[in-house]
Structures are given as C-alpha cells and as structure tokens.
Amino acid sequence: MRNLRTAVLTVLATGLAVTALAQVPAAAAPAPAPAQPKFLSANQLPASHTPWTAGPIRKGVPAEGSVCTTGIAPAAGTRHRDFRTELDTNARQTITVAPTTAKAKALAAELRSALETCLDRLKKQDPGLEGEAFYQGRINVEEGAHVYSIDTSYPEVGSTDIGLYSVGRDGRTVTVVEWGQMGELDGAPLEGFKKTTRTAVAKLH
C-alpha cells in the first residue's frame, strides 16, 4: 500500500512539473533581419557598344566620391556598386537606408539640390569649364525619381563629357544612379537611363 501511495504521489508531482513548464512562455525567436535593398545588375544599364561589367557591392560611400554629391550621403547605411565598359563609359549606383522615412526624404531633397547646383559649383572651381545642365523630368515609380543631365567641355583642349544622374526613393531607401562618358547629350542614352532609373527604384524592395 505504501509503495502504491508513493507511486501515485510521484506521478502527481511529475504532472504538476510538466504543467508548470507548459505555462512558461517560450523565448521569442529573434526577428529576421530586413532584406537588403537590391542593386542593378550589369544587363540593366543603358545599352552600350561593349558589355557592362558590374563591380562588387561595397559598404559605405565610395572612396572616390561622385563629382556632384560627395559628402552628402552618410557612410552608415550606405552601399555602392560601380560599373564600367571597355569604351570609357562608367556608371555607379549608391543606396542609402535612412533611419526614418523623414530622413530619407530630406536626404533625397539634398541630393537633388546638389545635382541642380553642380554645374555652377564646378564652373566656380574651374573658370575654363563650360557646360549645360538640364532637369530631365520625374519618373513615377514608388515615391518618385528625378533625372538630370550635365554636359561639360573644355574648349581649349576640345574635350566634352556628358553625365546622367538620378535620385529616387522608396520609403526609407534612397538611391542615386550615375552614368558618364565622353561626348555630348545628343549621343547619351537618355531614354535608356530613365528605364534604368525606373528599374533601380522598383527593385530596391
């Protein structure tokens, strides 16, 4: 009888322990890290006479900054990727994830202002430089993207360069796309660049 009573008490104690454990909430699993914004691939750049080559995606701002927007995007939350062809055509995409949507909106506005004033600043730095700059319009994708062109030349040496630039935003994420080569605006793939910009913003998230 004593052995039976002991066995019953043991079973009851075990059941209470199991019930108590079941009532303890399991530790919450850590939330998965948000997916990183996606970069353009080489085949999404404007058509060129020779194929595009995509460099690696690097953290932070480029070591060799962009002519018009150096020092604006913060290193934290920024990554970039360079592209090139065999005919001295180059491109770059920079992506910044801001802490808040408001800060992303402010960053995009500052980048746009830097592009709008870039040619004037370059002329002040180099009085021998000539050129034209144009706002090439807005692209309706996510929170919007804006395209610019800057055509520069040195008449004394006969060299000309054309650059295409865009700033786009999707929520807290801001991207800048740049394209440049020797030549003038008439020979630049403006419509192709607009398509590239649309793709760049659309694939961020």
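Note: hydrogens, waters and symmetry copies are ignored here, and every other heavy atom, side chains too, is used. Predicted model only: the values in this text are computed from it and were never measured.
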Would you list the pairs meeting disulfide (SG to SG under 2.5 Å) in which at least one residue belongs to residues 127-205, sequence neighbours left out?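 Non-adjacent pairs meeting disulfide (SG to SG under 2.5 Å): zero.
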
Sort and list the pairs that fulfil disulfide (SG to SG under 2.5 Å) and have at least one residue in residues 71-117, not counting sequence neighbours. none

Thr50 backbone acceptor or donor facing Ser48 side chain under 3.5 Å: yes

Donor-acceptor pair, Arg81 side chain versus Leu40 backbone, under 3.5 Å? yes

Could you tell me the separation between the CG atom of Leu111 and the OG1 atom of Thr94, rounded to the nearest 0.5 Å?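 OG1 of Thr94 is found 9.0 Å from CG of Leu111.
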
Gap separating the CZ atom of Arg172 from the CD atom of Glu143, nearest 0.5 angstrom: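 Answer rounded to 0.5 Å: 12.5 Å.
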
Which residues share a side-chain hydrogen bond (donor to acceptor under 3.5 Å, both in side chains) with Asn43, sequence neighbours left out: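 Residues passing side-chain hydrogen bond (donor to acceptor under 3.5 Å, both in side chains) with Asn43: Ser41.
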
Not counting sequence neighbours, which residues clear side-chain hydrogen bond (donor to acceptor under 3.5 Å, both in side chains) with Thr89? List them please. Gln181

Less than 4.5 Å apart, any side-chain heavy atom of [X] and any of [Y]?
X: Phe193; Y: Leu45; result: no
X: Ile95; Y: Thr78; result: no
X: Pro62; Y: Asp82; result: no

Pairing residues for [X] by the side-chain contact (heavy atoms from CB on, under 4.5 Å) criterion, not counting sequence neighbours:
X: Ala202; result: Val141
X: Ser113; result: none
X: Thr160; result: Ser153, Glu184

Can you give me every donor-acceptor pair (side chain of residues 161-171, partner residue at least two apart or in another chain, under 3.5 Å) with its distance?
residue : atom : partner : partner atom : Å
Ser166  : OG   : Thr197  : OG1          : 2.8
Arg169  : NH1  : Gly171  : O            : 3.0

Take Gln36 and Arg79, measure what side-chain contact (heavy atoms from CB on, under 4.5 Å) needs, and give me the verdict at the end. CA-CA 10 Å; Gln36 290 274 26; Arg79 297 182 299 154; 3.5 Å; yes

Co-membership, hydrophobic cluster, residues [X] and [Y], 4.5 Å side-chain:
X: Leu107; Y: Tyr148; value: yes
X: Leu87; Y: Trp179; value: no
X: Val174; Y: Val201; value: no
X: Ile72; Y: Leu115; value: yes

Mind listing the closest non-hydrogen atom pair of Arg138 and Tyr135 along with its distance?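 Smallest heavy-atom distance, with atoms named: N-OH, 3.3 Å.
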
Looking only at non-hydrogen atoms, find the nearest pair between Ala73 and Val61 and report the distance. O-CG1, 3.5 Å

Please list all pairs passing the salt bridge (charged side-chain N to carboxylate O under 4.0 Å, His left out) test where one or both residues lie in residues 100-113, with sequence neighbours left out. Arg112-Glu116

For residues 119-129, tabulate all N or O donor-acceptor pairs below 3.5 Å that involve a side-chain atom, not counting sequence neighbours.
residue : atom : partner : partner atom : Å
Arg121  : NE   : Thr117  : OG1          : 3.2
Arg121  : NH2  : Cys68   : O            : 3.2
Arg121  : NH2  : Ala114  : O            : 2.6
Asp126  : OD1  : Gly128  : N            : 3.2
Asp126  : OD2  : Tyr154  : OH           : 2.8

Just to verify, what does Phe39 make a ring-ring contact (aromatic ring centres under 6.0 Å, His included) with, not counting sequence neighbours? none

Assess whether atom NZ of Lys203 is packed by more than 12 heavy atoms of other residues, nucleotides or ligands within 6.0 Å.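 More than 12 heavy atoms, drawn from other residues, nucleotides or ligands, come within 6.0 Å of this atom.
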
Criterion side-chain contact (heavy atoms from CB on, under 4.5 Å) on Gln44 and Thr196, from CA distance to verdict: CA-CA 6 Å; Gln44 292 170 326; Thr196 293; 5.6 Å; no

Modelled atom types, side-chain donor and acceptor of Thr175 and Gln93, under 3.5 Å: yes

Any side-chain hydrogen bond (donor to acceptor under 3.5 Å, both in side chains) involving residues 53-69? Give me the pairs, sequence neighbours left out, ordered by first then second residue. Ser66-Arg92, Ser66-Glu178

